[in-house]
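All remarks here apply to the structure that follows.
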2 protein chains.
Amino acid sequence: MKRKVTLKQIAKELDVSISTVSKALKDSAEISLDTRQKVKAFAKLYNYKPNNIALSLKNRKTKTIGVIIPEIVHHFFTTVIGGVEKVANEKGYNVIICSSNNSFDKEVINLEMLASGSADGFILSVAKETQLKKDYHHIEETMSQGMPVVLFDRIIDEVVCDKVIIDDAKGAQTATNHLLSIGCKKIAILTTVDYISVGKLRTNGYLRALRAYDIPEKEELILKIEDIDNCEAEISDFLLDKDIDAVFAVNELFAVTAAKVLDRQGKKIPDDISIIGFTDGILSKHFIPSLTTISQHGEDMGIRAAKLLIDKLEGDDAVTEEYRTVIIDTSLIERKSTKK
Amino acid sequence: MKRKVTLKQIAKELDVSISTVSKALKDSAEISLDTRQKVKAFAKLYNYKPNNIALSLKNRKTKTIGVIIPEIVHHFFTTVIGGVEKVANEKGYNVIICSSNNSFDKEVINLEMLASGSADGFILSVAKETQLKKDYHHIEETMSQGMPVVLFDRIIDEVVCDKVIIDDAKGAQTATNHLLSIGCKKIAILTTVDYISVGKLRTNGYLRALRAYDIPEKEELILKIEDIDNCEAEISDFLLDKDIDAVFAVNELFAVTAAKVLDRQGKKIPDDISIIGFTDGILSKHFIPSLTTISQHGEDMGIRAAKLLIDKLEGDDAVTEEYRTVIIDTSLIERKSTKK
DNA sequence: GAACCTTACGCAAACGTTTGCGTGTGGAAA
DNA sequence: TTTCCACACGCAAACGTTTGCGTAAGGTTC
C-alpha cells in the first residue's frame, strides 16, 4: 500500500533539498524556472498534497471550526449546520461536528478533544444536562486558552462570549398574538420544564401576550413536559375535554402530537382548535393540516454564528475584545392549522 | 489572552527537560517519584492537555473518521451518523462530518481536504452528481494513498472497498409483497430516475414482486421523478383519477406527498388506497395516517460501517486486503396507511 | 581506591511543513 | 586576473510530541 507522498520524497527523487521543493511549489522566484517546472510536474504526477497536520502544527491553527450540538438527528440543528458550512467553506474553513447527545459529560469530552488541537474555535449549543447542571467550566476554560466560542440557541447567560439567538419570548408572543388576533381566547401552551432556557423564554412570551390582552394566566392551561420522547400520553391527558380554542406548542413535536391527539379526540383543526408550533421543520410543512409555526431561520443562525466566529479568529485584538449577541428575527409562517 | 500550555513551558518553569516532563506525565519509572509528582501537579494546575495535532503528526494518524454524506439536513443520514459516532467514540475516534450537498465538486474537495491529514479513513455515501457522472477518481485516489473507505447506502459497484447497504430490491419486494398480500392488485410506484442507484434497485424489487404474482408490469403505473424538491404537482397529475389501489413510494417524501394529494383528490387512506413508503423517518411516524414503511435501520448501518472502517484502520494486513459488503436487513413497519 | 551498578535525567531524532539566511558557483565588470 | 554580484539552492530552526539511548552523579562492593 502506497503512502502519501511528502516533500521529502519528492526531494530525494529529484535530488534537491526539501526547501527547494517547497519553494518551487510555491513558485518562489528564488528557484529557477527549470527546477520549478520539474518539481511541479513531479508533484502533480504523484498527486502531492501538503499535509494539513504538519501545516496546522506549524501555523498553530487548524482552519477548522468545531460545532457541538445537543442532537444530530434534529432538523433545526442540521439547518444551522448547513448555514455554518456555507460560510465556513467560503472562507476556507473545515467544519467538524460532534453531538453531545444532551449529555454534559459528552459535551465536555468533545469540547476538550476538539480544543486540544483539532479546531480553532467553536460554535456550540449546550446540552440539556449542562443547562441543568450550570457547570460551564469547560466552555470558560476553552475561551481562556484563546479559542473563541460562539453560543447559539441554547445559550448560557452567565458565559461572556458571542451569541446568536432568536428572541424566543418575542417569537412566542408573536405566535400567541396571532392566536388572539384570530379570535382565540382560551389558549393552552405545551412547553418544556423551566431549566430549558428556550422553553422558559417561550413560556414567558406566551404569558406576556396574554397580559397584553388582559387575559388572566391560568395554571391549568400550561403543561410543562419533561420527557419529550414520550409526550403523547401526557399531552393527550392534558388536552382531553379541556375547554380551549387554541394550542401553542413550543416545538414541532409537541405541535404535531397535539394535532394528532386532538384529531383522535374528535376535534377539528383549525375549526374547533387552532394550533401554532415553533420551529419550521419538515413535520410542520408536511403534516395534514400543515402547521402554522414560528420559523427560527436555522440556516441564518448558522451563517451569523460562523461569521462571528471567523471574525474573531481572523480579527485583530480590537475585534477580539468585544462580544456581540446577534438576535435573528423569527417569522410567523401561516399555514392551515390556524383559522384565518 | 493565554495560550495553551505545552511541555516546553512546563519544562522551563520546572527547570527540567521536555523529555522529563513527557515521561513524568506518563508515569515512567525512569523518572523519580518526586519529579513525577511535581510535574503532574504543575500540569494539572495549568490544565495541560497534549496537543493532538503534534500527536497526529508524530503518530501518523489522527484518530479521526471522516464522514461525507450528500445532505446533512436529512433524517436517514443523521441516524447513520449517530451510529457511526456511537462506535467511534467507544473506540476513541473522533468523527468529522462534511456534506457534499449532492455536488460532485464539493465531494471531491471535502474528501481531498480531509484526506490530506485530517482523517485516517472515510465513511461515505456518494452524491447524486457523482453517481450520474461516474467519476470516482477521488475515491480511488484516497484508497490508493492507504486510507480505507467504507461506502454506504448510495454506493458504487465499480469501486472495490468495504460497503454497507441494505438490500434495496429485497426491501422493495417486501413492501410490494405486503401490498399484494393484503389484496392490492393495481400498485403504482413513485420512484426516482434510474441513475440514483437505490431508486433503480427499489424499482427492480417492485417489478420482481409483481412478476412473482404474475401481474404484468404497466408503464403507466410507474413514475420516475427527477426533481425531488418539487414533486407535488407531478405526483398529483400522475395520481389523478388513476385506477389503482396502492402506492409504493421509494422514499418518505414521495409517500407523504402521495398521501397528501390523494387526500385532496378525495381518496381515503387506507380504505381506497394503501400506501407504503421507504425509510422510517420522522414524517412516516407522525403523519396522519402514520405510514407503513420499510425501515433501513440507519443507525445500524452507521454502526456496521464504523466497525468495518475501524477494523481496517487497526487491523493487520490480512484484514486490510479483504473487502466486505455488509447487507443490513430491512424490516416492514406496519402502520395505518395500509389495510390489514 | 578502583571498578561497577543504579538512579535520574537530558539529548536528539522523527513526524511534514515553511522560511530567513547563508553559501557555492558562475559570469560579468574592472 | 581579480573583484563583485546574481542566481539558485541548501541549512536549520520552529511547531509539540514521544522515546531509545547516552551519561552524569552517587552509591556499593571488593
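Chain letters run A, B, ... following the sequence lines, proteins first and then strands; every chain starts at 1. A quick note: this is a predicted structure, and the numbers were derived from the prediction, not measured.
- At the heavy-atom level, B:S19 lies under 4.0 Å from base atoms of the strands shown.
- Two residues are said to be in side-chain contact when any heavy atoms from C-beta on lie closer than 4.5 Å; A:D120 and A:E314 fail this criterion.
- Taking the side chain as every heavy atom from C-beta outward, A:N94 and A:I96 never approach each other to under 4.5 Å.
- In the displayed structure, A:K106 atom NZ is contacted under 6.0 Å by more than 12 heavy atoms of other residues, nucleotides or ligands.
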List the atom pairs, with distances to 0.1 Å, where a side-chain N or O of residues 112-119 of chain B and a protein N or O form a donor-acceptor pair under 3.5 Å, not counting sequence neighbours.
unit_1 : atom_1 : unit_2 : atom_2 : d
B:S116 : OG     : A:N52  : ND2    : 2.9
B:S116 : OG     : B:E112 : O      : 3.1
B:S116 : OG     : B:M113 : O      : 2.9

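- One atom, CG of B:L14, and another, C1' of C:dA8, lie 15 Å apart when rounded to the nearest Å.
- B:R60 and A:N51 form no side-chain donor-acceptor contact under 3.5 Å, judged by distance and modelled atom types alone.
- As judged by a 4.0 angstrom heavy-atom cut-off over every strand, A:S22 is placed among the base-contacting residues.
- Salt-bridge check for B:E107 with B:K133: failed, with every basic side-chain N at 4.0 Å or more from each acidic carboxylate O.
- Boundaries of the chain A contact region on DNA chain D are D:dA8 to D:dG16, first to last in 5' to 3' order (nucleotide atom under 4.0 Å from a heavy atom).
- Atom-to-atom, NZ of B:K26 to C1' of C:dC9 comes out at 17 Å; the value is rounded to the nearest Å.
- If A:L33 and B:V5 are placed on DNA chain D by their nearest nucleotide, the residue sitting closer to the 5' end is A:L33.
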